[in-house]
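Note sheet for the following structure.
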Amino acid sequence: MCLAIPGQILSIDSTGTLRMGRVDFGGVIQEVCLEYTPEIAVGDYAIVHVGFAIARLDVIRAKEILETIAQIPTE
Amino acid sequence: MQSTDFGNPIHVESLVRQIHAKSTRPLTLMEVCGGQTHAILRYGIDQLLPPHLRIVHGPGCPVCVTPAETIDRAIEIASVPGVIFCTFGDMLRVPGSQSHSNANDLMHAKSQGADVRVIQSPLEALRIARAESQNAAPGSMKRQVVLFAIGFETTAPATAMAIRQAKELQLDSFSALVCHVLVPPALDAIFADVDHGIDGLLAAGHVCTIAGDHPYHRLADQFNLPIAITGFEPVDLLRGILNLVEQLEAKPTSHRVDNLYEHIASAEGNLQAQRTVETVFAICDQHWRGMGSIPQSGLKLQPQFASFDASSRFPQGKLPGEQPSCCRAADVLRGKIRPIECPAFGTLCNPNHPLGAPMVSAEGACAAYFLYQALAPLNISERTPSKRTPSKRTPSELTQSESLNPKDDLAP
Ligand code: SF4
């Protein structure tokens with residue numbers, strides 16, 4: 001139950017009592033509460049835990065991390 | 001952006017090589033996240049490290065630290081006629097304290113007729129309560145819906161939102177049995193023991209995503225402890241381990257808090273979530289299974305939400321205390337021993353007959369060791385226990401063809 005997993009925001013619905021979004025987890029679409037990520041927009045990746053987006057994944061920063069590792073010389 | 005990029009074998013190999021190059025002396029590193037425990041064992045990350053680097057597992061699984069008395073209470077409430085008891089699936093088989101009774105876990109209570117439902121989100125419990133109250137015939141009793149609210153800082157905001165909504169909607173048929181726990185006070189309890197034997201800490205990134213990194217700065221200063229905040233994919237974990245090795249091999253050694261989950265967690269954490277948690281919950285002392293009472297390590301409902309407290313809504317009978325047992329979960333949770341060092345591991349205690357909670361939950365350290373012990377590191381295609389190479393592997397034994405695909409594990 002502890003995992004927090006990334007999914008891509010497909011659409012956002014702010015008309016109900018809670019701000020909800022449809023999120024794509026590699027083909028599995030689920031409804032997720034977006035109340036804790038007011039900054040998140042369609043197309044962004046959210047980190048989702050027990051039905052709640054808890055953070056926005058900074059894709060550019062993540063790519064930079066991987067590039068830094070890839071640049072380490074393999075003697 | 002695929003999460004699988006953080007499992008790329010080329011990156012894994014590069015990081016493993018750097019760890020081997022930089023690590024010169026024995027070190028014990030602790031992680032405190034069930035997801036990390038699971039990933040370390042599943043990908044055999046422990047076996048890729050130099051033999052003198054030891055990884056131990058702290059109290060990182062909220063399922064495992066939920067007290068037996070709380071399980072007893074959950075069974076008692078779930079068994080009240082008319083109650084719909086909503087729980088995360090991991091809690092179903094966690095044994096309570098009545099070792100000889102016929103309903104000692106929620107699964108058993110369900111088989112005896114209790115309406116126990118597995119949910120993925122606290123909002124599902126709320127949805128069930130709304131549907132039940134809308135569908136109830138006029139004048140008839142509404143069915144009570146109880147949420148078993150467990151988890152760390154990461155999960156508490158979800159519970160808080162469900163309870164806040166229930167109050168706004170005046171859903172008097174909804175309540176929660178709350179057993180949320182906070183990680184830093186438990187770490188205080190571990191590191192206050194002068195013989196803790198731990199050199200560095202991998203902090204769980206998703207806990208910091210909510211709570212921020214400030215509790216860890218105090219821990220680092222107070223206990224001279226280097227801390228790496230990281231996630232639970234192979235690249236995350238290896239970056240964390242490399243960071244701790246670098247801090248500990250430096251002369252003089254350093255004890256910084258480094259955030260290696262910076263693409264997800266900010267220094268201040270999720271402020272909206274923190275605010276909602278503070279609105280709904282107050283901090284209280286809390287009993288941890290295997291660790292005893294830890295000051296200021298739990299959450300209880302604030303007075304204005306007290307009417308949603310299931311433990312006061314449902315009458316309580318006499319609950320037996322926890323029975324003595326040979327289970328060494330207390331030592332496992334404090335990083336004193338690894339599960340394989342427990343004499344009962346794999347013999348008296350196994351997932352079909354768990355003696356302690358860490359053998360039940362998929363994220364419990366004992367269950368993770370049992371499940372993945374027999375697997376070769378990084379050989380993800382081979383899921384059934386077979387021959388996990390007993391010797392440590394060198395990075396050169398890693399090939400690109402060994403696919404690392406954590407994604408199937410990530411399906412919600
Ligand atoms: S192996 Fe079983 S008995 Fe031993 S510590 Fe783990 S849960 Fe307890």
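All values derive from a computational prediction rather than experimental measurement. Below, chains carry the letters A, B, ... as their sequence lines are ordered, and counting in each starts from 1. Just the heavy atoms: all of them, side chains too, but no hydrogens, waters or symmetry mates, feed the values below.
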**Asked** How about Glu168(B): does its CD atom have over 12 heavy atoms from other parts shown lying under 6.0 Å from it?
**Response**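 More than 12 within 6.0 Å, yes.
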**Message:** Within the supplied structure, the quantity of interest is the number of heavy atoms (other residues, nucleotides, ligands) at a distance under 6.0 Å from Arg19(A) CZ; does it exceed 12?
**Reply:**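 For Arg19(A), atom CZ is crowded (more than 12 foreign heavy atoms under 6.0 Å).
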If you take all heavy atoms of [X] and [Y], which pair is closest and at what distance?
{"X": "His49(A)", "Y": "Thr154(B)", "answer": "CD2-O, 3.3 Å"}
{"X": "Val50(A)", "Y": "Ala158(B)", "answer": "CG2-CB, 3.6 Å"}
{"X": "Pro157(B)", "Y": "Tyr36(A)", "answer": "O-OH, 2.7 Å"}

**Best-contacting candidate, Ala55(A), Cys33(A), Gly7(A), Pro38(A), against chain B by heavy atom pairs under 4.5 angstrom** =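 Most heavy-atom pairs within the cutoff with chain B belong to Pro38(A).
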**Item:** Choice from Thr17(A), Ile65(A), Val32(A) maximising heavy atom contacts with chain B below 4.5 Å
**Value:**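 Top option by heavy-atom pairs under 4.5 Å: Ile65(A).
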Could you state the interatomic distance from [atom1] ([X]) to [atom2] ([Y]), rounded to the nearest 0.5 Å?
{"X": "Ile5(A)", "Y": "Phe232(B)", "atom1": "CD1", "atom2": "CZ", "result": "9.0 Å"}
{"X": "Arg239(B)", "Y": "Thr68(A)", "atom1": "CZ", "atom2": "OG1", "result": "7.5 Å"}
{"X": "Gln165(B)", "Y": "Glu35(A)", "atom1": "CD", "atom2": "CD", "result": "7.5 Å"}
{"X": "Ile264(B)", "Y": "Tyr45(A)", "atom1": "CD1", "atom2": "OH", "result": "12.5 Å"}
{"X": "His263(B)", "Y": "Leu66(A)", "atom1": "NE2", "atom2": "CG", "result": "8.0 Å"}

**Request:** Side chain from CB out, backbone as N, CA, C, O: work out which of these in Ile47(A) comes under 4.5 Å of a heavy atom of chain B, or both, or neither.
**Result:**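 It is the side chain, since no backbone atom gets that close.
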**Message:** Quick one: does any side-chain atom of Asn270(B) pair with a main-chain N or O of Thr37(A) as donor and acceptor, under 3.5 Å?
**Reply:**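 Flag not set: sc Asn270(B) to bb Thr37(A) has no pair under 3.5 Å.
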**Prompt:** Is the shortest heavy-atom distance from the side chain of Glu31(A) to the side chain of Leu123(B) under 4.5 Å?
**Reply:**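 They are not in side-chain contact.
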**Asked** Side chain, backbone, both or neither: which part of Gln18(B) has a non-hydrogen atom closer than 4.5 Å to chain A?
**Response**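 For Gln18(B), side-chain heavy atoms alone lie under 4.5 Å from chain A.
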**Message:** Which one wins on heavy-atom pair count under 4.5 Å against chain A: Thr276(B), Val235(B), Leu169(B)?
**Reply:**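 Answer, by heavy-atom pair count under 4.5 Å with chain A: Thr276(B).
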